[in-house]
Undergrad: 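I'd like to ask some things about the structure below.
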Amino acid sequence: MQGAFSIKAREFDLDATMYSGQTSQPPWHEKGKYYSELLMIDDKPALVTIKQTHDKLHVKVESPEKVHLSEVKERINYIFDLKFDIEAFYDFLYSYPPLDSIVDYSRGLRLFLAKDAFECIISSIASANCSIRRWTRAIGNMKRLWGQGYVFQRGTFYSFPSPDVLAVLDDDSLRAAGLGYRAKYIIGTSKKITRIKLDGMDYDEAFRLLLELPGVGPKVADCILLYGFRKLEAFPVDVWIQRIMEHLFKVDYKHLRDFARDEFGEYAGYVQLYLYNYARKSGILGGV
DNA sequence: TACCAGGTCGTAT
DNA sequence: ATACGACATGGT
């Protein structure tokens, strides 16, 4: 089955979003501005290929089974958070010096939300103290090694392995995939995760629960909640956020998370996204 | 060669 | 409670 449609996508930069390093998943497979990835639509495998032109997102779908294009559309809208009123967010930033200057650095950047919550949890654990390049490569390795492969015209694509598959792996195999010392955390989390349901929970409840998973500290928990569950009040504090917040607000590291929630509320997650990008790309913190 | 990468954990104060 | 070193491994 094949299909195609387009989505209106104003104030959206697909390339920037795809390569912004959000820990929901690695960037999709790119072939000359066409991005492809395997999505499960009502438990049916579908290869989704997207390309942006101006304010439009062109979507192609290929599947061995019949999938509803409306479901795919809803899924794409969700993954790139296309229904988020980003102009209202910009208005918020413009009215909030010193944040008014960061918009121009990341215009069109949106959340890159998880297509698979478990993949996001493992990606977030893998990203700790690790370069984006390395953890995205490691996740790709895991998919090829232990995920399920589906053959399409564009090639073979793999799902992210399920918790029960990862739970019985040995430490050395995970290390061989490039996870390093985090291998034991991933096995431990895979064993525990089947007993955990985050879907209906509020932010604080889910945060506390996530901290019980091995390899999950406050920063990783917030990444999981923001990129995996769209908890917009989450404010992952990493080294970059620490530096830029100290530079802009002079708030002590320990209070950053609470400060952000109080100050930014439901925009905390997006503020973090834009600050992270700004801190890394602007060079304002000196080189890098 | 050291040092850094979207931090967390275990141990010692 | 808070502070500090260890931790895999690849890139510069």
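As the structure is a computational prediction, the values presented were derived from the model and not from experiment.
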Undergrad: Measure OH/Y253(A) against C1'/dT8(B) and give the value in whole Å, please.
TA: 10 Å

Undergrad: Any Lys/Arg nitrogen of D55(A) or R10(A) sitting under 4.0 Å from an Asp/Glu carboxylate oxygen of the other?
TA: yes

Undergrad: For the pair made of CD1 in I241(A) and P in dG7(B), what is the distance, rounded to whole Å?
TA: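 Rounded to whole Å, this separation is 11 Å.
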
Undergrad: How many whole angstroms separate atom OH of Y276(A) from atom C1' of dG7(B)?
TA: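 It works out to 13 Å between those atoms.
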
Undergrad: In terms of side-chain geometry, is the basic nitrogen of D204(A) or R208(A) positioned less than 4.0 Å from the acidic oxygen of its partner?
TA: no

Undergrad: Using a distance-only test with no angle check, is there a side-chain donor-acceptor pair under 3.5 angstrom linking Q2(A) and K60(A)?
TA: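 Absent: no donor and acceptor within the cut-off.
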
Undergrad: dT8(B), dG10(C), dA5(B): which one has an atom nearest the side-chain heavy atoms of V220(A)?
TA: dT8(B)

Undergrad: Run the salt-bridge test on D199(A) and K197(A) with the 4.0 Å N-O cut-off and return the result as yes or no.
TA: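 Salt bridge absent between D199(A) and K197(A).
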
Undergrad: Does the side chain of R243(A) get closer than 4.0 angstrom to OP1 or OP2 of dA5(B) through an N or O atom?
TA: yes

Undergrad: Nearest nucleotide by nearest heavy atom, which residue falls closer to the 5' end of DNA chain C, R137(A) or G180(A)?
TA: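 So the residue in question is G180(A).
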
Undergrad: Could you tell me whether R133(A) contacts a base, only the sugar-phosphate backbone, or nothing, with contacts defined as non-hydrogen atoms closer than 4.0 Å?
TA: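 The answer is sugar-phosphate, as R133(A) gets under 4.0 Å only of primed atoms, P, OP1 or OP2.
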
Undergrad: Establish whether I50(A) and Y34(A) are linked, either directly or via other cluster members, by ILVMFWY side-chain heavy-atom contacts under 4.5 Å.
TA: no

Undergrad: Are any protein N/O atoms closer than 3.5 Å to N/O atoms in nucleotides 9-13 of chain B? If there are, list each pair with its distance.
TA:
residue	atom	partner	partner atom	Å
dC9(B)	OP1	G215(A)	N	2.9

Undergrad: Taking dA5(B) as the reference, what is the distance to dA3(C) when you measure between their C1' atoms (whole Å, please)?
TA: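 The same atom, C1', in both gives a distance of 22 Å.
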
Undergrad: Between residues 115-122 of chain A and DNA chain B, which residues have a heavy-atom gap below 4.0 Å?
TA: none

Undergrad: When you check the gap from the basic side-chain N to the acidic O, do R107(A) and D13(A) get nearer than 4.0 Å?
TA: no

Undergrad: Within this structure, what is the CD1-to-P distance between I132(A) and dG7(B), rounded to whole angstrom?
TA: 10 Å

Undergrad: Could you tell me if the ring centre of F80(A) sits under 6.0 Å from that of F112(A)?
TA: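 Yes, close enough.
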
Undergrad: In this structure, would V251(A) and F235(A) fall into the same cluster of hydrophobic residues linked by side-chain contacts under 4.5 Å?
TA: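 Yes, one cluster joins them.
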
Undergrad: Side chain of R134(A), base of dA8(C): donor and acceptor closer than 3.5 Å?
TA: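 Indeed there is one.
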
Undergrad: From NE2 of H255(A) over to C1' of dA1(C), roughly how many Å is that when rounded to an integer?
TA: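 Roughly 13 Å, once rounded to whole Å.
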
Undergrad: Less than 4.0 angstrom from a charged side-chain N to a carboxylate O is my criterion; do R75(A) and E71(A) meet it?
TA: no

Undergrad: Just to confirm, is there a sub-4.0 Å distance from OP1 or OP2 of dA8(C) to any side-chain nitrogen or oxygen of R175(A)?
TA: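 Yes, such a contact exists.
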
Undergrad: For the pair made of OH in Y181(A) and P in dG7(B), what is the distance, rounded to whole Å?
TA: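 Roughly 9 Å, once rounded to whole Å.
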
Undergrad: Given the side-chain rings of Y270(A) and F264(A), with only the six-membered ring counted for Trp, is the space between their centroids under 6.0 Å?
TA: no

Undergrad: Tell me: CD1 of I224(A) to P of dG7(B), nearest whole Å?
TA: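 The answer, rounded to whole Å, is 14 Å.
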
Undergrad: Could you tell me the separation between the CG atom of L179(A) and the P atom of dC7(C), rounded to a whole number of Å?
TA: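 Going from L179(A) (CG) to dC7(C) (P), I get 18 Å.
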
Undergrad: How far, in whole Å, is dT11(B) from dA8(C) if one measures between their P atoms?
TA: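 Straight-line distance between the two P atoms is 14 Å.
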
